[in-house]
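Letters go in sequence order (proteins before strands), and every chain restarts at 1.
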2 protein chains.
Amino acid sequence: MDKPRDMVSRLAELGYRLTPQRMLVLAAIENSDGHISAEEIYVQVVAKYPHVNISTVYRTLDLLTRLGLVTETDLGGGRVRYHPAAKGHHHHLICQQCGEIIDLEESTLSPLKKTLLQEYQFTADLRHLGIFGLCQKCRQ
Amino acid sequence: MDKPRDMVSRLAELGYRLTPQRMLVLAAIENSDGHISAEEIYVQVVAKYPHVNISTVYRTLDLLTRLGLVTETDLGGGRVRYHPAAKGHHHHLICQQCGEIIDLEESTLSPLKKTLLQEYQFTADLRHLGIFGLCQKCRQ
DNA sequence: TTTACTGCAAATCTTTTGCATCAAC
DNA sequence: GTTGATGCAAAAGATTTGCAGTAAA
């Protein structure tokens, strides 16, 4: 449903040029599990189009973020990760031992969001949430 | 109650040297509101002891973290923040507009922690949590 | 006196930027 | 042909590291 085509046509609609570099960045994000970093995108893109520069990846990510087509998540560790906005928000449980990233359903956080609003008058933007801890396997 | 003295004596107990640089880093962390960055610590330390180098601040923070005397929180934005472990865990609501950091009571997150354990078998370490959004003032 | 700790400079890592060239439209 | 997009190289910001000198114990 949320094929790169959608982001591509959105870019075209808005008058942005459809360069091969952009197509490849879009494809990498779309085919990822939703937790891809700029470096990882770069590696995928270079594999098919050896001349791209990583600054182009960053510029494309910046553009897509500004247009609201992708969402940035800073899970700490000094690396920002990206996923397609059209796939909907999701949250992340990050295992501090093995590094596994588990997706969390949005509904799990609804009660928290409500509490923050009622008790702290704070409108939480939970798109950017990462929760650290230990997964089942590593807990033992 | 949790005066730098406690961390100082712990360091001494463990055989670490009590240098003026370390004392000043400890004091800065202790006197902070609990969301201090390495750079901010450095500025405070330099004011009293002009020759310190920021790498000493980082090395001290690394030591204190490894000893469990301070806790690191990565609130995103490429800057890690520190607070004394003895002051207990607390969580942060960060306003994306004005940058205000609001402390959150630990109890607010207890229901979430329980849900994550029951439904995802994930043991959340909520010491490292930052929630982004908009504070009351900026919401309007 | 011993050796852990420090200062300094240089390196690392991620991300950003200036600028001349290039290609999508 | 225009002008936005790219490649390259250099910069920027946070953090780390190698090394020789210094000071805490």
Side-chain angles (χ1 to χ4, degrees), chain A residues 7-26 28-29 35-67 69-70 72-82 128 130, chain B residues 7-26 28-29 35-67 69-70 72-82 99 130:
Chain A
M7 296 207 257
V8 170
S9 36
R10 189 87 190 100
L11 284 181
E13 261 173 55
L14 294 168
Y16 292 98
R17 294 184 182 171
L18 306 180
T19 66
Q21 292 90 331
R22 281 185 178 160
M23 301 296 102
L24 288 168
V25 170
L26 287 173
I29 297 171
H35 312 108
I36 197 166
S37 68
E39 182 70 29
E40 288 161 358
I41 292 169
Y42 173 65
V43 169
Q44 285 190 39
V45 174
V46 159
K48 298 205 169 178
Y49 201 91
H51 267 274
V52 279
N53 190 277
I54 195 161
S55 66
T56 298
V57 173
Y58 278 109
R59 280 190 278 231
T60 301
L61 289 171
D62 182 55
L63 174 65
L64 297 173
T65 302
R66 278 187 285 110
L67 296 179
L69 297 175
V70 310
E72 294 184 312
T73 307
D74 189 340
L75 301 179
R79 229 193 217 85
V80 177
R81 293 179 172 275
Y82 301 86
H128 298 269
Chain B
M7 297 208 256
V8 171
S9 36
R10 188 87 189 100
L11 283 180
E13 261 173 57
L14 294 168
Y16 293 96
R17 293 184 183 170
L18 306 180
T19 66
Q21 292 92 329
R22 281 186 178 159
M23 301 297 101
L24 288 168
V25 170
L26 287 172
I29 297 172
H35 313 110
I36 196 167
S37 68
E39 183 69 31
E40 288 162 357
I41 292 169
Y42 174 65
V43 169
Q44 286 192 37
V45 173
V46 159
K48 298 207 171 177
Y49 201 91
H51 266 274
V52 277
N53 190 276
I54 196 161
S55 65
T56 298
V57 173
Y58 279 109
R59 280 189 279 232
T60 302
L61 289 171
D62 181 56
L63 175 65
L64 297 173
T65 302
R66 277 186 286 110
L67 296 179
L69 297 175
V70 310
E72 294 185 311
T73 306
D74 189 341
L75 301 179
R79 230 193 215 83
V80 176
R81 292 178 173 277
Y82 300 85

For the atom pair [atom1] ([X]) and [atom2] ([Y]), what is the distance rounded to the nearest 0.5 Å?
X	Y	atom1	atom2	value
A:Tyr16	A:Arg22	OH	CZ	8.0 Å
A:Asp62	A:Ser55	CG	OG	12.0 Å
A:Gln21	A:Lys48	CD	NZ	14.5 Å
A:Ile29	A:Ile41	CD1	CD1	4.5 Å

Using a cut-off of less than 4.0 Å, is there contact between a side-chain N or O of [X] and OP1 or OP2 of [N]?
X	N	answer
B:Ser55	D:dT16	no
A:Tyr58	C:dT16	no
B:Thr19	C:dT6	yes
A:Gln21	D:dG7	yes

Presence of donor-acceptor pair under 3.5 Å, side chain of [X] and base of [N]:
X	N	result
A:Arg22	D:dT6	no
A:Arg59	D:dG4	no
B:Arg17	C:dA4	yes

Would you kindly give the [atom1]-to-[atom2] distance between [X] and [N], to the nearest whole Å?
X	N	atom1	atom2	result
B:Arg81	D:dA14	CZ	P	11 Å
A:Tyr49	D:dT6	OH	C1'	9 Å
A:Leu63	D:dG4	CG	P	13 Å
A:Asp62	C:dT16	CG	P	7 Å
B:Leu11	C:dA4	CG	C1'	13 Å
B:Leu26	C:dC5	CG	P	13 Å
A:Met23	C:dA24	CE	P	11 Å
B:Ile36	D:dA14	CD1	P	15 Å

Pick the nucleotide of DNA chain D nearest each of A:Asn53 and B:Glu39; which residue has the one closer to the 5' end?
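Taking each residue's closest nucleotide, the earlier one in sequence belongs to A:Asn53.
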Mapping A:His51 and B:Pro20 onto DNA chain D by nearest heavy atom, which one lands closer to the 5' end?
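It is A:His51, whose closest nucleotide lies nearer the 5' terminus.
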Looking at every non-hydrogen atom in both residues, tell me the closest pair between A:Tyr82 and A:Thr65 and how far apart they are.
CE2-OG1, 4.1 Å
